Amino acid sequence: MSFRDQSVSDNKNIFTVSRLNAEVRLLLENEMGVVWLVGEISNFSAPVSGHWYFSLKDSRAQVKCAMFRGNNRRVTFKPINGNQVLVKARLSLYEPRGDYQLIVESMQPEGDGRLQQEFEKLKMQLAAEGLFSQSEKLPLPENPQRVGIVTSKTGAALFDILDVLKRRDPGLPVVVYPTMVQGEEAAIQIAQAIGRANSRNECDVLIVGRGGGSLEDLWCFNNEIVARTIASSQIPIISAVGHEIDVTIADFVADVRAPTPSAAAELVSRDQSHKLQAINSRTSKLGHAIRHYLSDSQITLQQIAHRLERQHPNYRLEKQNQQLDDLESRLKSAMMTRIQVERSTLNRFSHRLDLNSPQKQLSQQQYMLAQSRQKLIDAMERKLLKTRHSLALAAEKLDTVSPLATLKRGYSITKADSGKVITQASEVNSGDQLITQLADGEVRSVVS
């Protein structure tokens with residue numbers, strides 16, 4: 001072994017392709033963890049294995065995705081190409097091809113899913129900053145002297161609060177800070193109303209809320225500006241947004257969360273059951289603390305479950321299933337390519353066989369024979385025609401020098417009885433019989 005070969009073999013930083021892909025996969029899975037992604041579905045495929053394969057794309061890029069059967073069973077709609085969706089996924093690498101991909105764990109339509117994602121993101125951010133901490137909460141005054149209400153001046157929530165206060169504590173003064181509670185500008189107006197109440201310092205407790213509605217309707221109470229304004233308020237704030245099942249970021253940041261606007265009015269109003277009010281307040285704080293604890297525990301549980309899932313045999317099985325689907329696809333493609341090649345070869349041999357077929361060659365020979373026969377007949381006819389023409393010319397020339405032709409012009413031939421042609425008068429004697437040949441017959445005469 002040469003010095004160069006030995007130095008290369010001793011260098012442990014030289015990777016094989018398999019090792020490189022495995023290291024990159026572990027790096028992606030361990031460092032990035034779970035991500036949320038929104039995009040348009042394309043190239044969607046659902047093979048018989050039950051897994052889903054597709055790409056998520058936007059106007060400038062795309063990424064391959066796999067969603068295994070155990071996860072896609074929980075999807076409540078049938079994905080099709082062109083759908084805008086929000087997915088929760090973990091980054092990975094398909095080692096056999098070295099393809100960067102996403103292993104999708106959940107999928108939902110983009111609209112509600114995007115809002116829910118933003119809700120969870122802001123919730124985790126503010127929780128990490130301590131805005132939900134119970135130690136930061138302000139206690140509600142036991143005997144409020146004036147109550148402030150931050151809500152719409154025309155909404156049902158305001159009238160519900162006023163009805164409860166009038167019934168329970170008619171003498172309790174109320175200051176209304178009107179604001180929008182729905183729409184793009186609502187968050188700014190709510191924050192300004194809370195700031196206005198703090199600057200005036202005319203109330204010792206604030207009720208911030210509105211009636212029920214959809215996630216989009218209540219979204220201004222999930223705004224970071226509203227959350228931070230509530231957290232920085234020097235006046236204790238009761239969050240009373242929507243119905244009991246509705247939960248917003250404002251509920252977590254507020255000092256007390258009331259399930260409804262009417263319940264918030266009951267918390268600040270005095271009646272004969274003072275202990276009940278204290279119990280309700282403490283119950284609300286306890287529920288808030290429990291929800292906060294459950295939220296933190298859920299995050300910790302998800303992290304542990306994610307680490308456990310990466311080591312679960314099912315994870316490797318999913319990888320192998322994806323590899324099996326990939327091999328099946330490649331096998332089908334190779335088979336189709338081989339069939340096309342063999343079919344092309346068969347067609348080529350069939351064409352060559354047709355060209356060398358005895359029947360086809362016989363047909364060609366018969367055709368050539370027919371052509372030769374026709375050519376021979378044509379040549380014979382041309383030859384006969386030419387011979388006839390030459391014969392006619394020769395006959396015409398012969399007729400021109402024929403003695404009969406001379407006779408027809410008035411000449412005659414005189415012969416002796418012996419047949420000798422008489423050319424001079426001295427060749428005949430008196431008494432000789434002569435035969436005179438004319439054009440139309442003979443004349444016999446006797447020389448006198």
Side-chain angles (χ1 to χ4, degrees), residues 15 17-121 302 305-307 309-310 312-338 340:
F15 284 68
V17 176
S18 300
R19 179 188 169 196
L20 175 64
N21 285 351
E23 292 288 340
V24 172
R25 179 181 63 80
L26 292 175
L27 181 64
L28 287 173
E29 293 179 352
N30 293 332
E31 294 297 326
M32 296 297 295
V34 175
V35 297
W36 289 86
L37 186 70
V38 65
E40 177 184 338
I41 292 179
S42 65
N43 301 319
F44 182 84
S45 173
V48 295
S49 62
H51 308 315
W52 291 351
Y53 302 101
F54 54 96
S55 296
L56 282 180
K57 67 177 184 178
D58 57 20
S59 59
R60 293 184 297 178
Q62 64 178 1
V63 60
K64 292 183 178 179
C65 303
M67 190 172 192
F68 298 117
R69 181 173 51 196
N71 290 324
N72 63 40
R73 287 176 177 172
R74 297 192 295 268
V75 178
T76 58
F77 65 101
K78 178 63 176 177
I80 59 175
N81 291 329
N83 279 158
Q84 287 286 338
V85 295
L86 175 72
V87 300
K88 177 184 177 183
R90 46 187 168 81
L91 290 171
S92 185
L93 184 83
Y94 184 51
E95 295 181 32
R97 287 200 305 264
D99 286 345
Y100 152 79
Q101 66 177 3
L102 291 176
I103 306 300
V104 179
E105 297 179 353
S106 67
M107 178 189 298
Q108 51 190 320
E110 179 187 3
D112 293 344
R114 183 188 291 274
L115 294 180
Q116 188 64 34
Q117 179 198 16
E118 294 177 6
F119 176 90
E120 295 293 340
K121 180 180 178 182
Q302 289 177 349
H306 177 64
R307 290 198 297 269
E309 184 180 1
R310 290 205 307 268
H312 197 280
N314 189 48
Y315 179 73
R316 295 185 62 186
L317 183 60
E318 289 174 349
K319 290 284 188 182
Q320 292 172 357
N321 284 336
Q322 182 179 4
Q323 186 175 8
L324 181 62
D325 290 336
D326 179 61
L327 292 174
E328 180 182 0
S329 177
R330 290 169 58 187
L331 177 61
K332 289 181 179 178
S333 177
M335 289 176 62
M336 292 302 298
T337 301
R338 182 60 181 271
Q340 291 177 356

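Note that this is a predicted model, so its numbers are computed, not measured.
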Among L86, V75, V85, which one satisfies side chain to side chain contact (heavy atoms under 4.5 Å, CB included) with Q108? L86
By ring pair (Phe, Tyr, Trp, His ring centres under 6.0 Å), Y53 pairs with (sequence neighbours left out) none
Output a table of donor-acceptor pairs, distance under 3.5 Å, between side-chain atoms of residues 56-67 and any protein atom two or more places apart or on a different chain; print 'none' if there are none.
{"unit_1": "D58", "atom_1": "OD1", "unit_2": "R60", "atom_2": "N", "d": "2.9"}
{"unit_1": "D58", "atom_1": "OD1", "unit_2": "A61", "atom_2": "N", "d": "2.8"}
{"unit_1": "K64", "atom_1": "NZ", "unit_2": "D99", "atom_2": "OD2", "d": "3.2"}

So how far is it from E105 CD to W36 CH2, rounded to the nearest 0.5 Å? 9.5 Å
Shortest non-hydrogen contact from N72 to G50? ND2-O, 2.9 Å
Between S92 and K319 the two heavy atoms that sit nearest each other are OG-NZ, 2.6 Å
For R330, does the CZ atom sit with more than 12 other heavy atoms under 6.0 Å from it, leaving out its own atoms? no
Below 4.5 Å, heavy atoms only, C-beta onward: do L324 and Q320 meet side chain to side chain? no
Is there side-chain contact between F54 and P79, with at least one heavy-atom pair below 4.5 Å? no
Under the 3.5 angstrom rule, does the side chain of N71 hit a backbone N or O of S106 as a donor-acceptor pair? no
Measuring from E328:CD to N321:CG, what's the distance to the nearest 0.5 Å? 11.0 Å
Evaluate side-chain contact (heavy atoms from CB on, under 4.5 Å) for Q322 paired with H51, printing each intermediate quantity in order. CA-CA 8 Å; Q322 182 179 4; H51 308 315; 6.0 Å; no
Side chains of F44 and I80, heavy atoms from C-beta outward: is any pair under 4.5 Å? no
Considering all heavy atoms of both residues, which atom of Y94 and which atom of Q323 are nearest to each other, and what is their separation? OH-CA, 2.7 Å
Roughly how far, to the nearest 0.5 Å, is CZ of R69 from CD of E318? 9.5 Å
N43 to S55 - nearest heavy-atom pair and separation: ND2-OG, 3.9 Å
Return yes if some donor-acceptor pair links the side-chain N/O of T337 with the main-chain N/O of S333 below 3.5 Å, else return no. yes
Nearest-0.5 Å distance that lies between atom CG in L331 and atom CE in M336: 12.0 Å
I need the minimum non-hydrogen distance between F77 and N83, along with the two atoms involved. CE1-OD1, 4.2 Å
Going through the distances and angles, do D325 and S49 end up as a side chain to side chain donor-acceptor pair (under 3.5 Å)? CA-CA 8 Å; D325 290 336; S49 62; 2.9 Å; yes
Are L102 and L91 close enough, and set up right, to give a side-chain contact (heavy atoms from CB on, under 4.5 Å), and what steps lead you there? CA-CA 5 Å; L102 291 176; L91 290 171; 3.0 Å; yes
